[in-house]
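A quick note: this is a predicted structure, and the numbers were derived from the prediction, not measured. Each chain gets a letter, A, B and so on, in the order its sequence line appears, and its residues count up from 1. Atoms considered below: every heavy atom in the structure, side chains included; atoms not considered: hydrogens, waters and symmetry mates.
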Amino acid sequence: MSSDLLRLVARYTLLVIAVVLLNFFLPRLLPGDPLSFSSGEGMDLAAPLSDQAKEQLRSYYRLDRSMGHQLLSYLADLGRGDLGWSISRPAPVAALLLDRLPWTLGLLLVSLLISATLGTALGVAAGWSMRGFRDRLLVSLTSMLAAIPEFLVAIGLLLFFAVGLGWFPLLGGQSPFSAYDGATGWGRRGLDIGWHLSLPAATLVLAGVAGFLLIARDATVGVHREPWIVVARAKGLREREIALRHVLPNVALPLLTFFALRLGAVLGGALVVERVFNVPGLGLLAYQAIRARDYPVLQALFLLSSLGVLAASFGVELVYLRLDRRRGLVAHG
Amino acid sequence: MPMGERRPLLFWAGCALLAGFVLAAALAPLLSPYDPTLSTGRPLLSPTVEHPLGTNDIGQDMLSRLLYGARTSLVVAAVVALISTALSWLVGLTAGFFRLAEGPLMALVDLLLALPGIPLYLLIVTLIGPSRLNLILTLALLSWPAFARVVRSIVIQTRSAPYVEAARALGPTGAYIVRRHVLPATLGVLPTKVTLTVRFAVFSEATLAFLGLADSGSVSWGTMLSEAFNDPLLFSRPVWPWLVLPPTLAITALILAATWLSSGIESLPGTARRFPDSTAIQQTPSSERRNRVLLPRPAKRQWRR
C-alpha cells in the first residue's frame, strides 16, 4: 500500500514540476516576445515604448540573461511567492490574485458542493426508477443544460431573474457604497454578498449538476439489483434507508473521481460567469488583464489554477487510496 | 441509456439545424444586407425595415453580424475538429501499438488532461495574439488527449484479438497491421469525437471571444456578446434584447445541434454508447469482450522481434 502512495506522490511531484516548467517556458518559447507584445509593437499605438524603456523592462524581467539564469531566478522568485509585477496595475501579481481569490474560491466551492449533493440525490432517484418517466426527464433535461456554455446559462438567468423579475442584483459582488458596522455588520455583509452571488452560483450548479447526476445514476443502476439490496429490502428496511446506507456508499467512489475531474472545468466556468455578473473575482481580473495585455497576471492565474486543480485531485486520490484500502481489508477478511 | 426510440428524431433535428447554419454561413455575403464590419446606421437602433435585427453601439447591422458570425463559428469548429481528431488517432494508435512511444505519449496526455483548460487557453492566446489561426491552433493542439486515450484503450483491446494475431502470423509490418486491422476497430468512436469536438470548439471560441480574446477584424457571436456586456448601462437601454438574445440563441442552437447529432450517432448500433470520459473508457463492443474471454492471451511481446 505504501508503494501505491509513493507512486502517487511521485506522479504528482512530476506533474507539479511540469506545470511550473510549462509556466516558465510558455511565454519564452511561444512565437512572439512578451515584451514586444505588451509594448504594442506592430500596432498603431499613440505612445509606443521608447527603446530605453524597453531595455529597462528587458533587464527587469532578466530577458537579457541566459535561459538557465532566467529559470533559476524564476524558481527562486516562485519560492518566495513573488510572481512579478503587474503590467497594468501598480501592484505585485501575487497580491492582486490573493485579493480576488476568495470570491472565485467561494463561488467554486459552494456551487460544486451544491451540484454534487443535488446531482447525487437526483441521480440516485433517477437510477432507482431506471427508464421510468422521472429518469428520462432528469437525464434529458440536465444533459441539455450541460450542453449550453456557462456564460449563456448565466445570461439566461440574468435576463430572467435580475432584469425581468428584479429579484436579484444585476451585477457586482456586493452593494456599492454601503458601510457595514455595528454588531450585525458582518452578518448583513454576508447576506448581501450571498444575495449577489446567488445567480452566479446557480449558473454553475445548473451547468455542473448533469455530470454528477449521470455518474450517480449509472452507479445506482449498477447496484440496485445486487443481492445485498434484495437482502436489505427483505429485512424490511425502508427504500430511503436502502438508498442512503447501501446504495450511496457504492456511488461515492466514482463521484469522488468525477469531483476532481470537474474542478478544472468548473473553474473555467466560474471565470466566465464572473464576467457576466461583474463579480470581482479571478475571472474579472483575467478579463481586465486580457484587455490590458497584462500577461504576468494571466501567467500567474494559470499557475495558480493548475496547482490548485492538481492539489485537489491529489487530495481526492489520497482519499480514494484510503477508501480502497479499507475495502481491500474487508474483502480479505 | 434510455430513449432509444427518440434518438433518431433528435439526430435529424440536429442535422437540419446544422445544415441551416452551414447554409447561412455559406450564403452570408448574399443574405446579409450590409457589410458586418461597417457602420451602416444610427447606433443602438431597435429593429427597423432597413435593419431587421437593429444595430449595435457603433451602428453595425446586427443581422449581417449574426450571419457572418456563423462563418467564424463553423470554420473554427470544422478546422479544430479535423486537426484534433487526426491528432487523437495518431497519438492513440501510436501509443497503443508501439510500446516504446507509449510512456512519453501517455505522460503528455496525463499532463494536458490535468491542466485547467480556460486559464491555459487565456494565457496562450494572449501571448501569441488572438488571430483566428492562433485560436484554431490553440484549441486543436490542446483538445486531442481525451480521445487519444480512448483510441489507445481500444487498440490495446484489439491488438490481442485473434484476427490481429492471425494477421501478425503472416509477418507484415506493424504500420500495415495498424492501418488494415486495428484502425477499423477504432472508427466506431469517430463520429462521437467529431461532434464532441465541434461542440467544444464552438463553446470555446464563444467563451474566449466573450472574455475579449478574438480577432478584432473578425465577426463572431462571442464578440457580439462581449461588446454588448462592455456597456455598463446595457440593461437600461430598450434595445438590449436585440443585442443579447440573437447571438445567445445562435450559440445555443449550434451547440444543441452538435449535441443532438452526437446523441443520435451514439444510439446507432455498433458505436460507442457513452460519453467517453475517463470513467467510461473501458466499454467495448460485446463481440470483442467475448473474444477476450474465449481465447488465451498471447504471451507478452511474443510477436515483436
Residue part contacting chain B, namely of A:Val309, when any heavy atom lies under 4.5 Å: side chain
Within the 4.5 Å heavy-atom criterion, are A:Leu271 and B:Thr207 side-chain neighbours or not? no
Which pair of heavy atoms, one from A:Ser306 and one from B:Pro116, lies closest together, and at what distance? CA-CD, 3.6 Å
Minimum side-chain heavy-atom gap B:Val125-A:Ile290 below 4.5 Å: no
Grab the two heavy atoms, one from A:Tyr287 and one from B:Leu211, that are nearest each other, plus how far apart they are. CD1-O, 3.2 Å
At a heavy-atom distance under 4.5 Å, which candidate from A:Leu26, A:Leu301, A:Leu267 has the highest pair count against chain B? A:Leu26
Please say whether the positively charged group of A:Arg275, taken as NZ for Lys or CZ for Arg, lies over the ring of B:Phe210, i.e. under 6.0 angstrom from the six-membered ring centre and within 45 degrees of the axis. yes
Which atoms of A:Ser313 come close to chain B, meaning under 4.5 Å heavy atom to heavy atom: side chain ones, backbone ones, both, or neither? neither
Structural part of B:Ala206 lying under 4.5 Å from a heavy atom of chain A: both
Quick one: does A:Arg291's side chain get under 4.5 Å of B:Asn230's, heavy atoms only? yes
Would you say B:Ile124 and A:Phe302 make side-chain contact, with heavy atoms under 4.5 Å? no
Check each atom of A:Leu263 against the heavy atoms of chain B and say whether the ones under 4.5 Å are side chain, backbone, both or neither. neither
